[in-house]
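Each chain gets a letter, A, B and so on, in the order its sequence line appears, and its residues count up from 1.
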Amino acid sequence: MSQREHIEKALKTIERSDLNAFITVDYEGARRQAVEADAGKLDGRLAGVPIAIKDAISTKGLRTTCASKMLEHYVPPYDAFVIQRLRAEGAILIGKTNMDEFSMGASTETSFFGPCKNPWDINRVPGGSSGGSAASVAAYEADLALGSDTGGSIRCPASFCGVVGLKPTYGRVSRSGLISYGNSLEQIGPIARTVKECATLFEVIAGHDPADSTSLNLPVTSCEQSISDDITGLKIGVPLDFFGEGVDAAVENATRKAINILVDLGAEAVEISMPSLRYALPAYYIQAMSEASSNLARYCGIIYGHRVKKDQDWHQTFSKNRASGFGKEVKRRVLLGTYALSAGYYDKYYLKALKARTLIRADFKRAFQKHDALIAPTMPHVAFKIGEKIEDPLSLYKEDINTVPVNLANIPALSIPCGKKGKLPIGLQIIGDQLDEARLFNIAWQFEHNTKFNKYAE
Amino acid sequence: MIIRTDVEHIARLACIELDDEDLQEFTIQLNTILEYFEELEDVEAKLLQQEEDNVLRTDEITPSLSQQEALSNAPRVDGGYFRGPRII
């Protein structure tokens with residue numbers, strides 16, 4: 001098949017799809033690049049591969065909305081660092097994917113452009129906030145995708161859509177050009193149908209970028225080189241704190257079965273306890289909301305973004321622009337973050353959250369002194385119905401119970417399919433120590449190649 | 001426990017205009033969420049020493065956005081400037 005045919009096939013799949021996985025499809029750009037690929041003008045590790053980009057990542061000349069009315073017409077004048085990397089490796093940017101508004105959600109229902117749907121069951125959510133990225137890859141609307149993960153936003157939709165997704169170590173991938181939500185927690189990461197493809201995309205986007213001062217100036221270890229290594233003697237910790245109330249029996253069974261498979265492959269598994277994890281969810285939300293209240297202060301409607309027709313005084317104009325440009329969940333989080341940082345409440349909320357984060361990091365550090373990796377369910381259950389939780393914000397926050405600890409600890413974690421409940425995929429979460437992505441890909445590859453849970457795997 | 005006037009105050013700080021319906025809904029929801037945050041009340045820990053060093057760079061001039069690019073997304077532009085609301 002020529003690149004042109006390959007891209008046309010993906011574009012046709014998008015056109016016929018009722019998933020609403022894309023906010024913007026770049027038909028013209030994708031076709032132009034496919035012609036270049038066929039003429040041998042594109043080279044690199046991703047030459048001619050159609051890739052979908054979460055609409056929180058800036059693409060020069062291609063509308064980037066963050067799924068918000070606030071940025072409905074925003075066209076970035078520059079490329080994010082990761083986009084520069086993709087272009088340099090010959091990837092074809094097929095479009096920008098649907099997401100929760102400003103990455104705030106676990107269901108891709110808060111998008112200004114309407115909810116995205118789960119490819120396994122059109123009545124269910126794809127997870128979030130990078131729901132369109134995971135759904136598009138699962139439904140062959142793209143071969144690869146980029147998402148971003150502040151509290152689980154790559155791993156949750158990877159789990160619900162039955163694909164492979166990685167949240168890298170904090171600082172491993174540049175955030176330059178990523179529209180900020182909770183900047184001390186978030187990372188851009190790869191989503192793919194197989195472990196190997198996920199590793200390739202990770203290697204392409206990882207690395208130092210002086211434009212992001214939190215980006216690590218350390219060499220990127222090859223993940224592909226060690227991907228098929230034997231895992232005999234691997235020490236796995238199983239933190240029981242991830243199997244608390246609310247975890248579905250089918251999810252727990254699938255996770256335990258997966259651990260037994262890894263033990264059969266030569267790993268050793270021990271159950272452990274990480275008591276500080278009970279603080280993870282409130283600590284995450286306080287910190288993420290506080291950072292959001294500050295990061296989103298830039299949307300006043302003067303330099304870019306939504307602006308009401310009639311100006312009043314400055315304060316009223318800003319307040320009206322923000323009232324009509326932001327959706328409900330964004331307002332809730334900005335209000336709560338503003339409150340948590342306001343005079344008299346800082347010690348009670350923000351400082352407590354920082355202290356909890358310190359304890360959680362120490363717990364993970366202790367765990368990785370004895371264990372090479374930790375294994376747990378990614379999500380407490382399979383994809384839920386559209387509309388089921390949206391009216392109850394706290395119930396949606398609780399979806400993130402098993403994913404936020406990883407962000408608070410700055411460590412990497414990967415989600416890979418490990419079974420199904422009915423027709424809906426279940427995700428296995430493999431958590432590693434800082435900069436240990438290669439080991440996560442190795443464990444995931446071994447699991448994928450010795451099981452048939454990943455329907456996309458060779 | 002926060003009351004309606006607290007939410008009005010927070011909304012003013014956050015520069016988000018709220019109508020009556022919003023105020024009513026957010027007062028209830030924010031209380032539910034803040035109550036959940038109370039779970040952190042018993043956290044006691046010494047904060048970690050800052051692990052990261054300051055990142056410095058040499059002060060060199062590098063290419064940046066052109067004026068046209070910088071203004072390209074502005075809702076209102078006037079003679080090469082961003083146009084804000086009137087002050088007087």
Once rounded to the nearest 0.5 Å, what's the spacing between atom [atom1] of [X] and atom [atom2] of [Y]?
X	Y	atom1	atom2	value
B:Thr27	A:Leu335	OG1	CG	10.0 Å
B:Tyr36	A:Tyr397	OH	OH	11.5 Å
B:Leu34	A:Leu336	CG	CG	5.5 Å

Quick check on [X] against chain A: is it the side chain, the backbone, both or neither that has a heavy atom closer than 4.5 Å?
X	answer
B:Asp22	side chain
B:Phe26	side chain
B:Glu69	both
B:Arg86	backbone
B:Leu18	side chain
B:Glu44	both
B:Ile16	both

message: I need the residue from B:Leu71, B:Leu56, B:Asp42 with the largest number of non-hydrogen atom pairs under 4.5 Å to chain A.
response: B:Asp42
field: Among B:Ile2, B:Val55, B:Ile10, residue most engaged with chain A (heavy-atom pairs, under 4.5 Å)
entry: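 It is B:Ile10.
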query: Closest heavy-atom contact between A:Met289 and B:Phe37?
result: SD-CZ, 3.9 Å
- prompt: Looking only at atom types and distance, does a side-chain atom of B:Asn73 sit under 3.5 Å from a main-chain N or O of A:Val75, one as donor and one as acceptor?
  reply: yes
query: Which atoms of A:Ala353 come close to chain B, meaning under 4.5 Å heavy atom to heavy atom: side chain ones, backbone ones, both, or neither?
result: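 When you check distances to chain B, atoms from both the backbone and side chain of A:Ala353 fall under 4.5 Å.
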message: If the contact rule is any heavy atom under 4.5 Å from chain B, which residues of residues 311-322 of chain A qualify, in numerical order?
response: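 The residues closer than 4.5 Å to chain B, in numerical order, are A:Asp311, A:Gln312, A:Asp313, A:Trp314, A:His315, A:Thr317, A:Phe318, A:Ser319, A:Lys320, A:Arg322.
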Best-contacting candidate, [options], against chain B by heavy atom pairs under 4.5 angstrom:
options	result
A:Leu354, A:Thr338, A:Leu351, A:Asp392	A:Thr338
A:Ala283, A:Ala297, A:Ser342	A:Ala283
A:Lys331, A:His73, A:Lys355, A:Lys348	A:Lys355
A:Arg278, A:Arg307, A:Arg332	A:Arg307
A:Leu359, A:Ile303, A:Leu281	A:Ile303

Taking atom [atom1] as the centre, does [X] end up with more than 12 heavy-atom neighbours from other residues, nucleotides or ligands that are less than 6.0 angstrom away?
X	atom1	answer
B:Phe82	CZ	yes
B:Arg83	CZ	no
B:Gln24	CD	no

field: For A:Ala409, all residues meeting side-chain contact (heavy atoms from CB on, under 4.5 Å), sequence neighbours excluded
entry: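 Scan of A:Ala409 (side-chain contact (heavy atoms from CB on, under 4.5 Å), adjacent residues dropped) gives A:Arg361, A:Phe364, A:Ile411.
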- prompt: Under 4.5 Å between any side-chain heavy atoms of B:Ile33 and A:Tyr285, yes or no?
  reply: no
